[in-house]
**Q** 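Submitted below is the structure of interest, expressed as structure tokens.
Side chains are part of it too, since the values below use all heavy atoms of this structure and drop only hydrogens, waters and symmetry mates. This one's a predicted model, so the numbers in the text were calculated from it and none came from an experiment.
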Amino acid sequence: MRAVEIITKKRSGQELSEAEIRFLIDGYVAGDIPDYQVSAWAMAVYFQGMTFGETGFLTRAMIASGDVLHLDGVPGPLVDKHSTGGVGDKVSLVLAPLAAACGLRVPMMSGRALGHTGGTLDKLDAIPGFKTALTQEKIREGLNTVGYIMTGQSAEVVPADRLLYALRDVSGTVESIPLITASILSKKFAEGAEALVFDVKSGRGAFMDTVEKGRALAVSLVETARSLGRRAVAVLTDMGQPLGRMTGNFLEVEESVLCLRGQGPDDLMTLTYRQAAWMLVAGGPVKTVAEGEALARRKLEDGSALKKWEESVAFQGGDVAALNAQIGVRRAKLSGVLTAPGDGWHGGWDALECGLAATALGAGRNRKEDTVLPDVGLEFLAKRGEPLKKGQDVLRVWADSE
């Protein structure tokens with residue numbers, strides 16, 4: 001085969017075979033096919049799209065490019081959740097221990113912040129002593145003993161995805177739905193998940209800025225997962241507003257702990273309960289979403305989810321006592337407030353602008369090599385629809401410098 005023929009075939013809108021896609025990905029990872037040819041192929045995919053079958057072939061080829069977690073012998077069901085990212089989206093931190101408390105095994109492989117949406121691993125790094133780089137043996141042990149683990153993608157798992165994502169980032173093809181789908185699914189299947197729930201965000205603060213784009217990605221994720229023989233569900237959620245009351249790495253850890261203590265904001269808890277319910281349906285322990293939500297609520301109210309969280313923090317090297325002592329008191333050294341200009345009702349926050357502001361403070365990254373600051377961020381003292389009085393504090397900004 002020759003890469004140029006595969007490029008021109010896709011450019012003309014034809015369907016590629018599994019062998020052609022495997023040839024291209026294997027050659028790129030091995031260094032035999034240059035960046036410029038893979039960039040041309042990615043642009044052809046951007047304009048011509050891919051069938052669900054082709055996307056499945058691409059996902060398989062990417063999985064085969066590196067190591068796969070072998071979780072044989074770990075009692076199931078192994079179920080994970082993936083969010084396409086959003087401002088203040090700390091659902092994973094609450095959802096994983098809650099799902100484990102309900103009897104699921106959750107092998108959760110997460111990423112770091114890039115752009116205006118936060119990364120789960122950066123939040124976990126704000127916990128004293130917490131380690132996210134885990135060996136296969138440690139992952140298996142955590143799943144067997146705690147019920148869930150939260151880890152990052154190692155250099156050996158799906159190297160094709162790291163190479164392709166970097167290339168898409170500089171070639172204007174990040175938004176391609178087939179390429180997004182293969183990127184997400186390759187990582188999730190390499191981690192050993194048997195069933196998946198996708199939280200596909202849409203709105204101003206989301207990667208997919210309209211409901212229509214979000215739905216298209218949701219359908220692609222579910223249909224491609226099914227073509228690979230995996231159970232999958234996608235939930236469309238609103239990212240027009242920041243989620244919860246906190247944006248920032250430690251601030252979001254704190255809010256997650258408060259959620260597990262039964263003190264979480266309504267929007268965050270509503271979404272968490274719904275996604276836990278779908279994970280239980282996808283994994284098989286319950287038949288309906290209503291059953292799943294009822295079970296999840298019981299496990300949060302009786303303290304089981306909080307206990308799982310503390311077991312996990314300790315298992316991954318974190319200091320539970322030190323973390324609990326920091327709740328409500330650990331903040332960046334400077335703060336400022338925004339006040340209401342008059343009486344009325346809160347009209348809502350622009351999630352994208354809030355995400356960009358948090359990134360400018362140091363809570364996120366504009367480039368992969370940027371360092372994040374764990375204690376900076378935004379605290380939303382009022383949310384959409386709430387009554388306001390003139391001079392009332394509506395936003396607190398936590399910063400490291402003037």
Side-chain angles (χ1 to χ4, degrees), residues 83-91 93-94 113 115-118 123 199-214 235-259 261-275 327-364 373 375-402:
S83 170
T84 57
V87 181
D89 183 3
K90 72 282 293 178
V91 169
L93 300 187
V94 187
H116 68 276
T117 60
K123 300 177 180 74
D199 176 4
V200 181
K201 297 275 198 290
S202 65
R204 271 283 290 171
F207 194 50
M208 298 306 204
D209 57 0
T210 67
V211 174
E212 291 74 24
K213 290 179 184 176
V235 181
L236 293 169
T237 62
D238 174 31
M239 198 65 250
Q241 294 289 301
L243 191 56
R245 297 271 177 177
M246 304 281 205
T247 294
N249 294 301
F250 180 76
L251 291 175
E252 292 188 47
V253 170
E254 178 178 303
E255 189 167 39
S256 301
V257 174
L258 294 177
C259 287
R261 292 177 180 175
Q263 302 163 22
D266 289 344
D267 61 341
L268 181 54
M269 291 313 303
T270 297
L271 182 54
T272 302
Y273 285 134
R274 180 57 59 90
Q275 292 189 8
I327 300 298
V329 295
R330 177 178 167 182
R331 297 290 186 270
K333 59 188 177 184
L334 299 175
S335 70
V337 294
L338 185 68
T339 58
D343 294 351
W345 287 267
H346 197 283
W349 296 103
D350 184 315
L352 176 59
E353 295 297 336
C354 290
L356 294 172
T359 301
L361 289 167
L373 301 175
D375 301 336
V376 302
L378 307 174
E379 186 174 352
F380 304 103
L381 306 174
K383 294 289 289 282
R384 181 170 57 188
E386 294 177 1
L388 298 175
K389 294 293 184 184
K390 183 176 181 179
Q392 179 181 334
D393 292 350
V394 295
L395 176 74
R396 184 172 287 113
V397 180
W398 295 96
D400 243 25
S401 70
E402 289 290 351

**Q** Could you give the side-chain donor-acceptor pairs of residues 380-390 under 3.5 Å, partners two or more places apart or in another chain?
**A**
residue, atom, partner, partner atom, Å
K383, NZ, P242, O, 3.2
K383, NZ, G244, O, 2.7
K383, NZ, D267, OD2, 3.3
E386, OE1, K383, N, 3.1
E386, OE2, R245, NH2, 2.5

**Q** Just by distance, do the side chain of T84 and the backbone of K201 share a donor-acceptor pair under 3.5 Å?
**A** yes
**Q** Side chain of E254, backbone of F250: donor and acceptor closer than 3.5 Å?
**A** no
**Q** With sequence neighbours left out, what residues match R274 under side-chain contact (heavy atoms from CB on, under 4.5 Å)?
**A** W278, V289, E293
**Q** I'd like to check the side-chain contact (heavy atoms from CB on, under 4.5 Å) partners of T210; sequence neighbours left out, ordered by chain and number.
**A** E212, K213
**Q** Using every non-hydrogen atom in the two residues, find where T247 and A358 come nearest and quote the distance to one decimal.
**A**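 Where T247 meets A358 most closely, the heavy atoms are CG2-CB, 3.7 Å.
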**Q** Go through R331 and L251 one step at a time and tell me if the side-chain contact (heavy atoms from CB on, under 4.5 Å) criterion holds.
**A** CA-CA 8 Å; R331 297 290 186 270; L251 291 175; 3.7 Å; yes
**Q** So which of I327, V253, V94 actually passes side chain to side chain contact (heavy atoms under 4.5 Å, CB included) with L258?
**A**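 Single pass found, and it is I327.
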**Q** Which residues satisfy the salt bridge (Lys or Arg N to Asp or Glu O under 4.0 Å) test with K90, sequence neighbours excluded?
**A** E255
**Q** Which pairs, with at least one residue in residues 393-402 and sequence neighbours excluded, count as a side chain to side chain donor-acceptor pair (under 3.5 Å)?
**A**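 Every side chain to side chain donor-acceptor pair (under 3.5 Å) pair that includes a residue of residues 393-402, provided the two are not neighbours, is E379-W398.
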**Q** Is R330 salt-bridged to D375, going by a charged N under 4.0 Å from an acidic O?
**A** yes
**Q** Minimum heavy-atom separation for C259 and L268, please, with both atom names.
**A**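 Smallest heavy-atom distance, with atoms named: SG-CD2, 3.4 Å.
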**Q** Go through the steps to decide whether L271 and D199 satisfy the test side-chain contact (heavy atoms from CB on, under 4.5 Å), and finish with yes or no.
**A** CA-CA 9 Å; L271 182 54; D199 176 4; 4.0 Å; yes
**Q** Would C354 and L378 count as a side-chain contact (heavy atoms from CB on, under 4.5 Å) if you check the C-alpha gap in whole Å, the side-chain angles of each, and the deciding distance to 0.1 Å?
**A** CA-CA 8 Å; C354 290; L378 307 174; 4.1 Å; yes
**Q** If you apply the rule side-chain contact (heavy atoms from CB on, under 4.5 Å), what do you find for R204 with D209, and how did you get there?
**A** CA-CA 5 Å; R204 271 283 290 171; D209 57 0; over 6 Å; no
**Q** When you measure from the side chain of D89 to the backbone of V91, do you find a donor-acceptor pair of N or O atoms at a distance under 3.5 Å?
**A** yes
**Q** How far apart are the closest heavy atoms of A363 and V376, and which atoms are they?
**A**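 Heavy atoms only, the tightest pair is N-CG2, 3.6 Å.
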**Q** Under the salt bridge (Lys or Arg N to Asp or Glu O under 4.0 Å) test, which residues partner R261, sequence neighbours left out?
**A**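 With neighbours one apart ignored, the set is empty.
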